[in-house]
Amino acid sequence: RAVPATGTSHGREAPGRVPEGRRRTVPRVFAGFIALVIALATIAAPAAQDVALGARPGSLKLAVIGDNGTGDPAQYETAQRLVTARARFPYSAVLMLGDNMYGRQDPPDFVDKFERPYAPLLAAGVTFKAALGNHDRPENRDYAPFGMGGQRYYSFVLQQVRFVVLDTNQLDPAQLRWADETLASATEAWKVAVFHHPLYSDARRHGSNVDLRVLLEPILVKNGVRVALSGHEHVYERTHPQKGITYFVNGIGGQLRKGDLDRRAPTCAAGFDTDRAFMLVEVGDTEFAFQVVSRTGVTVDSGVVSRRFTT
């Protein structure tokens with residue numbers, strides 16, 4: 001079986017204080033000892049953004065955004081944080097998980113909702129690769145900067161990773177056969193699936209798409225996919241591994257449905273639903289390391305998915 005993903009969810013609230021009338025007195029020596037322990041723990045505790053991204057020789061460095069194409073100030077602010085992150089983590093590509101455009105999608109809208117917010121990345125030669133979401137027009141696959149090559153679904157390789165990008169708006173038998181054959185013939189160390197509608201989700205608005213799961217999950221499991229990336233829900237969530245696959249839902253690149261995630265659900269390993277965010281990803285030979293950064297620069301989740309198996 002696959003080794004489960006490990007991670008840290010940041011930003012939990014501290015316990016409340018003891019009311020004034022109920023505070024206990026503590027001997028001065030013992031109080032000093034407690035203070036020393038707390039100080040040492042603070043020094044030893046990992047910082048909020050302590051994931052060692054960039055430390056894996058020859059690794060692939062990526063960013064991931066979803067449901068981003070609103071054209072509003074929140075998208076622009078998140079995009080600026082994404083640009084800033086590249087100075088310390090020089091990713092070469094950005095994956096877009098669908099709903100890359102909302103509302104009107106005429107030529108000026110591609111400027112306002114894509115080209116302008118991500119202009120520094122486009123100017124630096126960063127490659128974008130998009131999946132289609134339910135708000136995207138099908139013909140958007142012909143828009144060259146989305147990197148789709150005119151195809152609803154397609155595959156590409158970056159270093160040691162085979163990406164299979166699917167169109168879950170219309171997951172027809174021909175696409176399923178293609179996905180199965182493409183993954184089965186892939187020789188890369190990693191296989192990553194990218195599609196808009198999540199097979200597993202603990203967001204209350206839509207939840208898991210069980211119909212898609214019945215069709216697609218057997219193909220992913222059979223062919224050794226370890227990571228699946230989706231959007232659609234306007235929250236961030238990382239699941240506990242499901243049949244060896246860790247599912248990431250990342251639909252807060254521009255949109256947000258505040259308070260929508262059920263963190264108590266048994267499939268939910270970590271989540272964030274109070275601001276926009278994006279993912280930074282580093283893929284080495286055996287590890288898929290990730291860090292999720294909010295619009296304000298706070299790390300809200302981080303960890304590693306392992307490609308190794310145990311018996």
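- The cluster map of Ile, Leu, Val, Met, Phe, Trp and Tyr, joined by side-chain heavy atoms under 4.5 Å apart, puts V94 and Y102 in different clusters.
- From M101, atom CE reaches atom CZ of F114 across 9.5 Å, with rounding to the nearest 0.5 Å.
- H240 approaches C268 most closely through the heavy-atom pair NE2-O, 3.5 Å.
- Taking CG from L171 and CG from D211, the interatomic distance works out to 11.0 Å, rounded to the nearest 0.5 Å.
- The existence of a salt bridge linking R205 and D260 is excluded, since no basic side-chain nitrogen approaches an acidic carboxylate oxygen closer than 4.0 Å.
- Between N140 and Q105, the shortest heavy-atom contact is ND2-OE1, 2.7 Å.
- Here OG of S59 is found 7.0 Å from CD of Q159. Values are rounded to the nearest 0.5 Å.
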Quiz item: Would L121 and F128 satisfy side-chain contact (heavy atoms from CB on, under 4.5 Å), going step by step from the backbone distance to the final call?
Solution: CA-CA 9 Å; L121 301 180; F128 283 76; 4.1 Å; yes

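- A side chain to side chain contact (heavy atoms under 4.5 Å, CB included) with F278 holds for exactly one of V64, V292, V293; it is V293.
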Practice problem: List the steps, then state whether side-chain hydrogen bond (donor to acceptor under 3.5 Å, both in side chains) holds for R276 with S294. | Solution: CA-CA 6 Å; R276 281 75 173 175; S294 76; over 6 Å; no

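- Residues Y236 and L261 fall into different hydrophobic clusters, defined by Ile, Leu, Val, Met, Phe, Trp and Tyr side chains chained together at heavy-atom separations under 4.5 Å.
- Between A289 and L53, the shortest heavy-atom contact is CB-CD2, 3.8 Å.
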Quiz prompt | Intermediate values then yes/no, side-chain contact (heavy atoms from CB on, under 4.5 Å), I219 and L183 | solution = CA-CA 8 Å; I219 294 173; L183 288 167; 4.1 Å; yes

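- Residues L82 and I65 have side chains in contact (heavy-atom distance under 4.5 Å, counting atoms from C-beta outward).
- For N68 (side chain) and M96 (main-chain N/O), no donor-acceptor pair under 3.5 Å exists by modelled atom type.
- Between T78 and R81 there is no side-chain heavy-atom pair separated by less than 4.5 Å.
- Taking the six-membered ring where tryptophan is involved, the planes of F288 and W190 are tilted, since the angle between them lies from 30° to 60°.
- For the pair Q291/M279, no side-chain contact is recorded, criterion being any heavy-atom separation below 4.5 Å from C-beta on.
- Looking only at distances, a side-chain donor or acceptor of N169 sits under 3.5 Å from a matching main-chain atom of G133.
- Hydrophobic clustering (ILVMFWY, side-chain heavy atoms < 4.5 Å, transitive): V249 and V281 are in distinct clusters.
- Remark: R238 fails to qualify as a cation-pi partner of Y247 under the 6.0 Å distance and 45° angle criteria applied to the six-membered ring.
- Cluster membership for L215 and V225, using ILVMFWY side-chain heavy atoms within less than 4.5 angstrom, is shared.
- Relative ring orientation between H232 and H196 is described as perpendicular, the plane-to-plane angle rising above 60° on a 0-90° scale split at 30° and 60°.
- By the 4.0 Å N-to-carboxylate-O rule, K243 lies close enough to E217 to be salt-bridged with it.
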Quiz item: Going through the distances and angles, do I245 and V227 end up as a side-chain contact (heavy atoms from CB on, under 4.5 Å)?
Solution: CA-CA 5 Å; I245 302 173; V227 172; 5.9 Å; no

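- In this model, no donor atom of one side chain and acceptor atom of the other lie less than 3.5 Å apart for Y143 and N100.
- Contact check for T127 versus Y91: no side-chain heavy atoms found under the 4.5 Å cut-off.
- Under the 3.5 Å distance criterion, with hydrogens and angles disregarded, no donor-acceptor pair is assigned to the side chains of S230 and N250.
- For the pair K129 and F163, the cation does not sit on the ring face, since its NZ or CZ is not both under 6.0 Å from the ring centre and inside 45° of the axis.
- Of all heavy-atom pairs between P198 and G231, the closest is CD-O, 3.6 Å.
- Annotation: the span from L158 atom CG to K61 atom NZ amounts to 12.5 Å, rounded to 0.5 Å.
- Distance OG1/T182 to OH/Y154: 13.5 Å, rounded to 0.5 Å.
- Remark: the backbone N or O of E233 is not paired with any side-chain donor or acceptor of R257 at under 3.5 angstrom.
- Under a 3.5 Å cut-off, the side chain of D99 and the backbone N or O of N134 do form a donor-acceptor pair.
- Here the shortest heavy-atom pairing between P120 and V83 reads CB-CG1, 3.9 Å.
- At a cut-off of 3.5 Å, with distance as the only test, no side-chain donor of Q175 or D167 sits close to an acceptor on the other residue.
- Looking at D180 and K222, a side-chain N of the basic residue comes within less than 4.0 Å of a carboxylate O on the acidic one, giving a salt bridge.
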Exercise. List the steps, then state whether salt bridge (Lys or Arg N to Asp or Glu O under 4.0 Å) holds for D172 with R152.
Key: CA-CA 11 Å; D172 50 81; R152 289 195 303 119; 2.9 Å; yes

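- Judged purely by atom type and a 3.5 angstrom limit, T168 uses its side chain to pair as donor or acceptor with the backbone of H197.
- Hydrophobic cluster membership is shared by V161 and L97, with clusters built from Ile, Leu, Val, Met, Phe, Trp and Tyr side chains linked at under 4.5 angstrom.
- The backbone N or O of G259 sits less than 3.5 Å from a side-chain atom of R204, completing a donor-acceptor pair.
- A donor-acceptor pair under 3.5 Å is formed between the side chain of T70 and the backbone N or O of D72.
- When only modelled atom types and interatomic distance are considered, Y118 and Q75 share a side-chain donor-acceptor pair under 3.5 Å.
- Taking the six-membered ring for Trp and thresholds of 30 and 60 degrees, F110 and F146 have ring planes inclined between 30 and 60 degrees apart.
- No donor-acceptor pair under 3.5 Å is formed between the side chain of D106 and the backbone N or O of D109.
- Considering only heavy atoms from C-beta on, E282 stays 4.5 Å or farther from L60 through its side chain.
- Within the 4.5 Å cutoff, the side chain of V192 has no heavy atoms near those of the V164 side chain.
- Of the charged side-chain nitrogens involved, at least one lies within less than 4.0 Å of a carboxylate oxygen, so that R263 and D273 count as a salt-bridged pair.
- The backbone N or O of A203 sits less than 3.5 Å from a side-chain atom of S201, completing a donor-acceptor pair.
- Of all heavy-atom pairs spanning Q242 and T239, the tightest one is CG-OG1, 4.3 Å.
- Inter-residue side-chain proximity for V165 and Y153 is flagged as unmet; no heavy-atom pair is nearer than 4.5 Å.
- Distance check, rounded to the nearest 0.5 Å: CG of D275 to CZ of R295 gives 4.0 Å.
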Exercise. Step by step, work out the side-chain contact (heavy atoms from CB on, under 4.5 Å) result for T267 and S208.
Key: CA-CA 11 Å; T267 50; S208 303; over 6 Å; no

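- For an aromatic pair to be called close, the ring centres must be under 6.0 Å apart, and F248 with F290 satisfies this.
- For the pair N209/R213, no side-chain contact is recorded, criterion being any heavy-atom separation below 4.5 Å from C-beta on.
- Checking side-chain atoms of R307 against main-chain N and O of T286 turns up no donor-acceptor pair under 3.5 Å.
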